[in-house]
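Remember, predicted model here, so these are calculated numbers, not experimental data. What's counted below: heavy atoms across the whole structure, side chains too, no hydrogens, waters or symmetry copies.
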Amino acid sequence: TFKTAYEERFQKKPAVFADYVYDNVIIVSEALTQCKATPLDPKSVCVATYLYALHRTGTTGNIEFDERGDVVNKTYDLFNIQGEAFQAVK
């Protein structure tokens, strides 16, 4: 798993949501490479089209986007932090 590989390589636990950041960096990098984007020509339409068509499994599970560009089937928990205690928001 991502967590295990990270801990073996860096000898510490990954930051919260590091697995999501990893997936996002890989996907955006692939989109920019596929579209031959540059800072002066970001190829926004091409990148958006690439992301809309994406269906893959990453470190966080299945990754795909709907027609609005929102990620599909990803759940997030919200927490209220009181000092050092985390309380799930219901």
For this session: Check step by step if side chain to side chain contact (heavy atoms under 4.5 Å, CB included) holds for Q87 and V89.
Result: CA-CA 6 Å; Q87 296 180 333; V89 175; over 6 Å; no
Exercise. Roughly how far, to the nearest 0.5 Å, is the OH atom of Y6 from the OG1 atom of T1?
Worked result: 13.5 Å
Problem set entry | Interatomic distance, C46 atom SG to Q34 atom CD [nearest 0.5 angstrom] | 6.5 Å
Problem set entry | Pair T59, D23: side-chain N/O donor-acceptor within cut-off below 3.5 Å | yes
Exercise. Are any side-chain N or O atoms of N24 and backbone N or O atoms of Y20, one a donor and one an acceptor, separated by less than 3.5 Å?
Worked result: yes
Problem set entry | side chain to side chain contact (heavy atoms under 4.5 Å, CB included) assessment of K12 paired with E7 | CA-CA 5 Å; K12 64 180 183 177; E7 289 175 357; over 6 Å; no
For this session: Identify whether I26 and F2 are in the same connected component of the hydrophobic contact network (ILVMFWY, side-chain heavy atoms under 4.5 Å).
Result: yes
Problem set entry | Connected via hydrophobic side-chain network under 4.5 Å: L32 and Y22 | no
Exercise. Do you know which two heavy atoms are closest between P42 and V47, and how far apart they sit?
Worked result: O-CG2, 3.9 Å
All N/O donor-acceptor pairs, side-chain side in residues 51-58, below 3.5 Å, sequence neighbours left out:
from: H55; atom 1: ND1; to: E64; atom 2: OE1; distance (Å): 3.4
from: R56; atom 1: NH1; to: E30; atom 2: OE1; distance (Å): 2.7
from: R56; atom 1: NH2; to: E30; atom 2: OE1; distance (Å): 2.8
from: T57; atom 1: OG1; to: N62; atom 2: OD1; distance (Å): 3.1

Exercise. How about K74 and I63: do any of their side-chain heavy atoms sit closer than 4.5 Å?
Worked result: yes
Exercise. Parallel, tilted or perpendicular: which fits the ring planes of F79 and F86, with parallel below 30° and perpendicular above 60°?
Worked result: perpendicular
